[in-house]
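Let me begin by presenting the structure, written as structure tokens, before commenting on it.
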Amino acid sequence: TVYELVRQGDVLQDGITTVGSFISSSGFINSAGEVAFAANITQASFGGQAVILADDIGTAVVAKGVLPGFTSAATNMAVVGISNSGRVAFTADTVAGGSDPTSAIYLTGPGGPTTVALEDTATPVPGKYIRGFLSGATVANDAGQVAFMADLSDTVNGASTGRGVFFYDQAGGLQQIARTGDSLLGSTITNAFFFGMVNASANMSPDTSATGLNNVGQVGFSFSLANGTNGMAIWSVPTHVPGGYTGNRTVDPSHCVLWR
């Protein structure tokens, strides 16, 4: 049985929102039957992109306009996952900024969108700034946890000087797992790799079942070291210190299972 949730031209239950063209090629669905997607909308005082959450009971806008950390309305909104409680993870750019707009990752909630990570802000472990987010390298799991990989810089809006892999949840906030320049296995990380999701064709959602983040908050990533070693690692949320570090920018092996 097919149940139509919403179509272009529909007025939502709030009585003020008209759905325009769809931005998402397909929706992300959770175990509760809620579907998240991005679309253009119009209201009396707003016209632009929005993130929408729909089920067989109703449809509602959960993010739109000027988001936290932005100075102008959001554009290029893209859903990257939805938790079983209906929290939607998405990426967005700000309309302002010309050829280099500010970008961010957000997670929706009862009080509105929460910032997961914002371009040009400091990383959790000092010394670097988030320069930008890699395409296809952001994903959320059923618990509403988010993992992603980002380009890093030494200064705000500076040139890219490496990469980092990060994890976010409500309890611990943004945590850094590993980044280039970190000490690991007696050497130094020269590159890191993380798959947020497997891209699919234009008329399908990406495959979030084949990602580097599982539903218990473990993150799988690969690394290259300065001594020529390549390896794979599984990182788990530490219980005794924030982040994946010992405090001296050395990846703590007790938080990772490593294969060389």
Side-chain angles (χ1 to χ4, degrees), residues 4-8 10 12 17 19-41 48-56 58-70 73-95 101-119 132-150 166-170 194-213 215:
E4 181 182 296
L5 297 175
V6 63
R7 70 172 72 179
Q8 186 173 346
D10 280 357
L12 302 187
T17 303
V19 178
S21 58
F22 289 83
I23 301 167
S24 298
S25 57
S26 185
F28 284 72
I29 189 169
N30 64 10
S31 61
E34 297 171 307
V35 177
F37 60 94
N40 288 291
I41 65 168
Q49 297 186 2
V51 174
I52 296 174
L53 187 63
D55 60 17
D56 57 4
T59 303
V61 173
V62 292
K64 67 167 188 174
V66 181
L67 301 173
F70 283 5
T75 189
N76 297 326
M77 301 178 86
V79 175
V80 295
I82 179 173
S83 74
N84 284 335
S85 63
R87 301 194 74 188
V88 182
F90 67 97
T91 59
D93 296 335
T94 182
V95 170
T102 301
S103 57
I105 303 170
Y106 295 98
L107 193 63
T108 65
T114 296
T115 304
V116 172
L118 180 67
E119 183 180 340
F133 304 100
L134 279 74
S135 176
T138 303
V139 71
N141 64 12
D142 290 348
Q145 298 166 318
V146 180
F148 64 93
M149 186 165 64
F166 300 86
F167 172 85
Y168 174 88
D169 69 5
Q170 285 183 280
F194 172 77
F195 285 106
M197 61 184 69
V198 177
N199 291 327
S201 62
N203 62 350
M204 296 173 59
S205 290
D207 184 358
T208 57
S209 66
T211 75
L213 173 65
N215 286 326

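All residue numbers in this chain count up from 1 along the given sequence. Side chains included, hydrogens not; waters and symmetry mates left out as well; all remaining heavy atoms used.
- Note that OH of Tyr168 and CG of Leu213 are 14.0 Å apart. Values are rounded to the nearest 0.5 Å.
- For the residue pair Ser103 / Glu119, a side-chain donor-acceptor distance below 3.5 Å is found, with atom types taken as modelled.
- Looking at Phe133, Phe148, Phe90 one by one, the single match for ring pair (Phe, Tyr, Trp, His ring centres under 6.0 Å) with Tyr106 turns out to be Phe90.
- Leu5 CG to Asp56 CG: the interatomic distance, rounded to the nearest 0.5 Å, is 7.5 Å.
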Any chance you could lay out the side-chain contact (heavy atoms from CB on, under 4.5 Å) test for Val80 and Val146, step after step, and finish with the verdict?
CA-CA 9 Å; Val80 295; Val146 180; 5.8 Å; no
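- Counted within 6.0 Å of CD on Gln170, heavy atoms from surrounding residues, nucleotides or ligands total 12 or fewer; the atom is thus considered open.
- Between Ala38 and Ser24, the shortest heavy-atom distance links the atoms N-OG, 2.7 Å.
- Panel note: side chain Thr108, backbone Val88; a donor-acceptor pair is recorded below 3.5 Å.
- Across all non-hydrogen atoms, the minimal contact from Ala39 to Val19 is CB-CG1, 4.4 Å.
- Counting all heavy atoms, side chain and backbone alike, Ala143 lies closest to Asn215 at CB-O, 4.4 Å.
- Atom CZ of Phe194 is separated from atom OG1 of Thr138 by 8.0 Å, given to the nearest 0.5 angstrom.
- Distance check: Gln145 CD to Leu107 CG gives 10.5 Å after rounding to the nearest 0.5 Å.
- The heavy-atom pair separating Gly33 from Asp55 by the smallest distance is O-CB, 3.7 Å.
- The shortest non-hydrogen separation linking Thr115 to Pro68 is OG1-CB, 3.4 Å.
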Test log, rule side-chain contact (heavy atoms from CB on, under 4.5 Å), inputs Ile23 and Asn40:
CA-CA 7 Å; Ile23 301 167; Asn40 288 291; 4.0 Å; yes
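- Of the possible donor and acceptor atoms, one in the side chain of Asn30 sits under 3.5 Å from a partner among the backbone N and O of Ser83.
- Phe37 CZ to Met77 CE: the interatomic distance, rounded to the nearest 0.5 Å, is 12.0 Å.
- The shortest distance between side-chain heavy atoms of Ile82 and Leu53 falls below 4.5 Å.
- Across all non-hydrogen atoms, the minimal contact from Ala50 to Lys64 is CB-CB, 4.0 Å.
- Side-chain N or O atoms of Asp93 include none that pairs as donor or acceptor with a backbone N or O of Asn76 at under 3.5 Å.
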Apply side-chain contact (heavy atoms from CB on, under 4.5 Å) to residues Ile41 and Val61 and explain how you reach the verdict.
CA-CA 9 Å; Ile41 65 168; Val61 173; 4.0 Å; yes
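- The side-chain heavy atoms of Thr114 and Arg87, taken from C-beta on, include a pair separated by under 4.5 Å.
- Here the CZ atom belonging to Phe22 is positioned 9.5 Å from the CZ atom belonging to Arg7, to the nearest 0.5 angstrom.
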